[in-house]
2 protein chains.
Amino acid sequence: MRYELYYWPSIQGRGEFIRLALEEAAASYTDVVREDGISGMLDLIAGTSTDHPPFAPPILKAGKRVIAQTANILMFLGARHRLAPAGEDGRMWTHQLQLTMDDFLVEAHDVHHPLAKSLYYEEQRKEARRRAGDFVPERLPKFLDYIERVLQQNPSGGNHLVGARLTYADLSLFQHVEGLRYAFPNAMARLEPDYPLLVGLHARVANRPRIRAYAASDQRIPFNEDGIYRHYPELDV
Amino acid sequence: MRYELYYWPSIQGRGEFIRLALEEAAASYTDVVREDGISGMLDLIAGTSTDHPPFAPPILKAGKRVIAQTANILMFLGARHRLAPAGEDGRMWTHQLQLTMDDFLVEAHDVHHPLAKSLYYEEQRKEARRRAGDFVPERLPKFLDYIERVLQQNPSGGNHLVGARLTYADLSLFQHVEGLRYAFPNAMARLEPDYPLLVGLHARVANRPRIRAYAASDQRIPFNEDGIYRHYPELDV
């Protein structure tokens, strides 16, 4: 079966978490909007072709199934492609970590869009600076502290977030670190020495053959100022 | 087994979604912080007593298990107390709806806290008004439209979000409508006539014997201006 991924075609965004899992799994998939345009995605969101209408992309079609919400899709893929433990306890812990990272994603996005998604950055620039003044010194280290602690407390060692094998949570952490380095290079350069396990895990994922090949390919959309992680130097405080 | 719920003791917040599921299931549970103070919750968050340290409450202890993230806890309870379909398809669809509602919860919260959780409302009041100017006319109807459409397209009829039986997603929708009516009474009074299925489902949940008894009891913490849904008249535009 060939998966169909529906996501905005010009940003990494939330879709990138799904792409990374599909790439690591060497799963066969079509990035539909990039190949065939946006109409199929709009049909899915309008709910004309499914009883399970998604609120927003990313959306994964797996046979007749239509699945949305990043963490939900990853839980589905994790079970099918050995990217999560098979047991309920490990499966739920992996999911919990993903949900925590998803919460952080919203915080990172809202640094540059504190007032409304529907306004341009330039219309909320002053407010973005105030939000960055909380995010960078308070929320960002709180998130990094948490991840480092999860790695420290992993009874199987600090090479992975869950147990002794790669899970989709590791792939998602890699993506967050990529995004944070793009958006907040000065802050990350300052903070990273305090998080050796996190930095090590990022490097370990980056060096996985399929992830490395994907990251070097044209398939990987570069970060840009339309996505979730954006580089506005005045917010990198 | 008696569950232990750990959550802030003076607000409904995210913990209320768990309380409603436990109440509807007639599950035995202790609302630990309200009964015994906050130290147990802080120990769990500090990770001194678990390999699966939570980032934030709500946290559910089920025997030796420590589970966090609202949607993750509800998925766990849904499977054990028949508050979600047993099959994977229905289980994931219920979870997807919960995740979408959780996203909306953050948006509703950030109306009054657009800049930082660490600042008081009064320190971001002007920005909150600007955010409300987007949330109330744009995001709120978009969310209500979506829920109404899910109900309309449910092949089992519009009495429930998923299939023909109550799920935790219905309980969570009830809670959102309660919160929205508290925070935005004028906007909701204006909008609700357009959403008859949503309003009907809220009433159906409110009239379930266990929910009605719980809502009328001292156990239900009243909405207040420390919680997620807050009533600031200037934001109810």
Side-chain angles (χ1 to χ4, degrees), chain A residues 45-48 50-56 64-73 75-76 79 88-89 92-93 95-104 106-107 110 114-119 123-124 126-128 130-131 133-135 138-139 142-143 146-147 149-150 152-155 162, chain B residues 45-47 50-56 64-73 75-76 79 88-89 92-93 95-104 106-107 110 114-119 123-124 126-128 130-131 133-135 138-139 142-143 146-147 149-150 152-156 162:
Chain A
I45 292 174
T48 52
T50 171
D51 294 338
H52 295 179
F55 184 74
K64 289 188 173 177
R65 275 196 160 142
V66 175
I67 309 167
Q69 284 284 349
T70 307
N72 204 35
I73 297 169
M75 185 164 55
F76 175 84
E88 189 188 32
D89 199 49
M92 289 188 63
W93 172 232
H95 191 57
Q96 180 177 321
L97 291 168
Q98 181 66 42
L99 290 170
T100 301
M101 289 191 267
D102 287 353
D103 286 347
F104 182 71
V106 175
E107 292 195 42
D110 285 3
L115 297 186
K117 293 184 217 297
S118 60
L119 298 174
E123 299 176 272
Q124 49 197 310
K126 201 178 96 197
E127 294 79 9
R130 280 188 71 197
R131 182 147 181 157
D134 178 73
F135 178 82
E138 301 295 335
R139 301 299 295 175
K142 188 175 162 87
F143 172 75
Y146 175 71
I147 296 292
R149 195 152 55 78
V150 168
Q152 284 165 352
Q153 292 185 212
N154 182 346
V162 178
Chain B
I45 292 174
T50 172
D51 293 337
H52 295 179
F55 184 74
K64 289 187 172 177
R65 274 194 160 144
V66 175
I67 310 166
Q69 283 285 349
T70 307
N72 204 35
I73 297 170
M75 185 164 55
F76 175 84
E88 189 189 33
D89 199 48
M92 289 188 65
W93 172 230
H95 192 57
Q96 181 176 320
L97 291 168
Q98 181 67 42
L99 291 170
T100 301
M101 289 191 267
D102 287 355
D103 286 347
F104 182 71
V106 175
E107 292 195 41
D110 286 3
L115 297 186
K117 292 184 217 296
S118 60
L119 297 174
E123 298 176 271
Q124 49 196 311
K126 200 178 98 196
E127 293 80 8
R130 280 187 71 195
R131 183 146 179 159
D134 178 72
F135 178 81
E138 301 295 333
R139 302 299 295 174
K142 188 175 162 88
F143 173 75
Y146 175 70
I147 296 293
R149 196 151 55 79
V150 168
Q152 284 165 354
Q153 290 185 214
N154 182 345
S156 306
V162 178

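None of the values given here were measured: they were computed from a predicted structure. Labels below follow one simple rule: chain letters A, B, ... track the order of the sequence lines, proteins then strands, and each chain is numbered from 1.
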Drop me the distance from [X]'s [atom1] to [Y]'s [atom2], to the nearest 0.5 angstrom.
X        : Y        : atom1 : atom2 : value
B/Met75  : A/Leu99  : CE    : CG    : 7.5 Å
A/Leu115 : B/Leu115 : CG    : CG    : 7.0 Å
B/Gln96  : A/Ile73  : CD    : CD1   : 7.5 Å

Interchain contact, [X] with chain A, by part (heavy-atom threshold 4.5 Å):
X        : result
B/Val66  : backbone
B/Pro155 : side chain
B/Asp103 : side chain

Would you mind checking if B/Glu127 and A/Arg131 are paired as a salt bridge, meaning a charged N to carboxylate O distance below 4.0 Å?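 Looking at B/Glu127 together with A/Arg131, the answer is no, because their closest N to O distance does not fall below 4.0 Å.
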Using non-hydrogen atoms and a 4.5 Å limit, figure out which bit of [X] sits close to chain B: side chain, backbone, both or neither.
X        : answer
A/Phe55  : both
A/Thr70  : neither
A/Leu119 : side chain
A/Phe76  : both
A/Asp89  : both

Treating B/Asn72 as the side-chain partner and A/Met92 as the backbone partner, does any N or O pair qualify as donor plus acceptor under 3.5 Å?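 Indeed, once roles are kept as given, a pair shorter than 3.5 Å links the two residues.
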For A/Arg149 and B/Ala46, indicate whether the former's side chain and the latter's backbone hold a donor-acceptor pair under 3.5 Å.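 At least one qualifying donor-acceptor pair exists.
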Assess the residue pair A/Lys117 and B/Arg139 against the criterion (side chain to side chain contact (heavy atoms under 4.5 Å, CB included)); give the C-alpha distance rounded to whole Å, side-chain angles, the decisive distance to 0.1 Å, and a yes or no. CA-CA 10 Å; A/Lys117 293 184 217 297; B/Arg139 302 299 295 174; 3.5 Å; yes
In terms of heavy-atom pairs under 4.5 Å with chain B, the winner among A/Val150, A/Val106, A/Ile67 is A/Ile67
Using a cut-off of under 4.5 Å on heavy-atom pairs, state which of A/Arg65, A/Glu107, A/His95, A/Lys126 scores highest against chain B.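 Top option by heavy-atom pairs under 4.5 Å: A/Arg65.
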Contact winner vs chain A - B/Gly133, B/Ala79, B/Pro54, heavy-atom pairs under 4.5 Å: B/Pro54
Looking at A/Gln153 and B/Asp51, what are the two nearest heavy atoms and their distance? O-OD1, 4.1 Å
Kindly assign one of parallel, tilted or perpendicular to the pair A/His52 and B/Trp93, based on the angle between their ring planes and the thresholds 30° and 60°.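 Parallel, since the angle between the ring planes stays under 30°.
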